[in-house]
There are 2 protein chains.
Amino acid sequence: MVPTSETHNWPDVSDCPVCSSISPENREAFFGGMMYKTKHYKKGDVIARQGDICKYLYILLKGAVKTEMVTETGGQLTIEVIKAQRPLASAFLFAENNRFPVDVITLEDSLVLMIPKDQVIELFQKDAAFMQRYITYNANKTQFLSHKLQVLTIKTIKGKLAHYILEQLSICHSFSPKINTFLMDKNQTELAKSFGVTRPALARTLAEIQQEGAIKAERNKITVLNKTLLQNMLS
Amino acid sequence: MVPTSETHNWPDVSDCPVCSSISPENREAFFGGMMYKTKHYKKGDVIARQGDICKYLYILLKGAVKTEMVTETGGQLTIEVIKAQRPLASAFLFAENNRFPVDVITLEDSLVLMIPKDQVIELFQKDAAFMQRYITYNANKTQFLSHKLQVLTIKTIKGKLAHYILEQLSICHSFSPKINTFLMDKNQTELAKSFGVTRPALARTLAEIQQEGAIKAERNKITVLNKTLLQNMLS
DNA sequence: ATGCAAGTGTAACAACTATCACACATTTTT
DNA sequence: AAAAATGTGTGATAGTTGTTACACTTGCAT
């Protein structure tokens, strides 16, 4: 940090997929003259509530958050966990009804960059690569939501669980096709919330699947014994 | 197919919200030199299947389509009905996993304009207003999907129906706050599919809500008698 | 070591919905 | 006008899940 006007600490967004066109060298060209702010949050803080108006592009610089919906029946549904660095609410900023459809709650101490909407539009014009990444990122979000919808329409808990286990298994297999054991990435309570079901019902079903010989479940460690059996549980 | 620029029939997209920057006069500037094609479909034809790769921006010029998912359990879930003129699959074109998450099926004889992805990107550069409308349109789609998710997490059929009726009622009220009667926009079978439940269960629940005095249901005509009662059914 | 908090296993019961089956009403076709 | 197709009302039964409650385990903090 020596030479000329360089002592300003521009936000480091080098790990954000939407901002990957912004190298450390041209950060100044990007952020210089732009209005923005950063904000710290502690673990458990609420960054935004369902219904809040979304005026900024939020970029999670450090930390992690979860987004969840409170359904009109009082139940909870966890949509996703987002770890730094990623944009938050990128899709809602430009919607005509620009309100958060979810609560955004920090899981760790976090740092958030906030860029006003009109500044984002300026960026689009300045930097076509940024714009295209933004569009792609939003498109991926839509795909993700569609997939979430599809999983939610699986009626039975057994079906949802089988789907989840097969999904996790295929992630493992992409590293090593031999391994049939994995650790669940969430505890039962969280998993139940992401399915929109109750925790006891989930535990019961997990035991059932085990009893039928498709898996072995030890605490949060799952071993798949019979993949075909699992696939049949989807239907 | 005649000499001067005058007689060429450029596609008429004047009713498409994403293309509203394209007035009849500058259609030539917009479409001239662009690669595109149009395609006719008959009622009931399949425009795209779940899993198909999405290479084009589809714009529904005439007709109407529905999009639906086949869940892994074999059940069906209707996502939405889209009437001309609107883009189809606008969000998926730019996703890294650019596959249709839904079946797209025509409800009437339809005409579809197809523009290759790279041409769309060129359009973004030529026409900033087009780009911004595109982003807004996709953002609205994401909002729509989020809302759909929330409705799907309403557990009971009674809750879903109450939500639906209140939604329809508020649409009526936006025209005239005095009217408490509306015609259902779908028949029971379609409504049941959009809820992801069975038709007999839906009919039964509708009768129940009537019995409790919240509504009067005559065939597909609903009269709301007690709004508060309906609101209580959500929880 | 002890106590506490969080996570997990499990049971009994009530509530809800799918499934299947069929009668009846309404609209469209012939 | 009759026949066919579509849409609606309703019943009985079985299966699945929510609810509530409690025992047990594990890891962590005091």
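All values below come from the heavy atoms of this structure, side chains included, with hydrogens, waters and symmetry mates left out.
- Taking atom CD on A:Gln211 and atom C1' on C:dG9, their separation rounds to 13 Å, with Å as the unit.
- Each end of the helix from C:dA1-D:dT30 to C:dT30-D:dA1 yields a helix axis from five base pairs, and these two axes differ in direction by 40° (to the nearest 10 degrees).
- With sequence neighbours left out, B:Ser176 forms a side chain to side chain contact (heavy atoms under 4.5 Å, CB included) with B:Lys178, B:Ile179.
- For C:dG9, one of the phosphate oxygens OP1 or OP2 lies less than 4.0 angstrom from a side-chain nitrogen or oxygen of A:Gln188.
- Smallest separation of non-hydrogen atoms from B:Gln50 and B:Pro101: CG-O, 3.3 Å.
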What are the atom names and distances for every N/O pair under 3.5 Å that joins the protein to nucleotides 15-22 of chain C?
unit_1, atom_1, unit_2, atom_2, d
C:dT17, OP1, B:Ile157, N, 2.5
C:dA18, OP2, B:Thr198, OG1, 3.0
C:dT19, O4, B:Arg204, NH2, 3.4

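- Residues of residues 214-222 of chain B that place a heavy atom closer than 4.0 Å to DNA chain C, in numerical order, are B:Arg219.
- Applying the side chain to side chain donor-acceptor pair (under 3.5 Å) test to B:His40 and every residue at least two apart in sequence or in another chain returns nothing.
- Take A:Lys158 and apply the side chain to side chain donor-acceptor pair (under 3.5 Å) test, not counting sequence neighbours, and it matches A:Glu208, A:Glu212.
- Not one side-chain nitrogen or oxygen of A:Gln210 sits closer than 4.0 Å to the OP1 or OP2 atom of C:dG9.
- Residue B:Gln211 places its CD atom among 12 or fewer non-hydrogen atoms of other residues, nucleotides or ligands, all under 6.0 Å distant.
- By the salt bridge (Lys or Arg N to Asp or Glu O under 4.0 Å) test, B:Glu96 is found to be paired with no residue, residues two or more places apart in sequence or in another chain being considered.
- By the salt bridge (Lys or Arg N to Asp or Glu O under 4.0 Å) test, B:Lys55 is found to be paired with no residue, residues two or more places apart in sequence or in another chain being considered.
- Residues forming a ring pair (Phe, Tyr, Trp, His ring centres under 6.0 Å) with A:Tyr58 (at least two apart in sequence, or on another chain): A:Phe100.
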Atom pairs, N/O to N/O, protein against nucleotides 27-30 of chain D, distance under 3.5 Å?
none

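- Here the closest non-hydrogen pair linking B:Ser194 and B:Lys186 is OG-NZ, 4.2 Å.
- Applying the salt bridge (Lys or Arg N to Asp or Glu O under 4.0 Å) rule to A:Lys37 yields no partners; only residues at least two apart in sequence or on another chain are considered.
- More than 12 heavy atoms of other shown residues, nucleotides or ligands fall within 6.0 angstrom of atom NZ in B:Lys117.
- Between the C1' atom of C:dT26 and the CE atom of B:Met184 lies a distance of 15 Å, rounded to the nearest Å.
- Atom NZ in B:Lys193 sits roughly 14 Å away from atom C1' in D:dG7 (whole-Å rounding).
- With hydrogens and angles left out, the side-chain atoms of B:Lys141 and B:Tyr137 include a donor and acceptor closer than 3.5 Å.
- The salt bridge (Lys or Arg N to Asp or Glu O under 4.0 Å) check on A:Asp45 picks up nothing, with sequence neighbours excluded.
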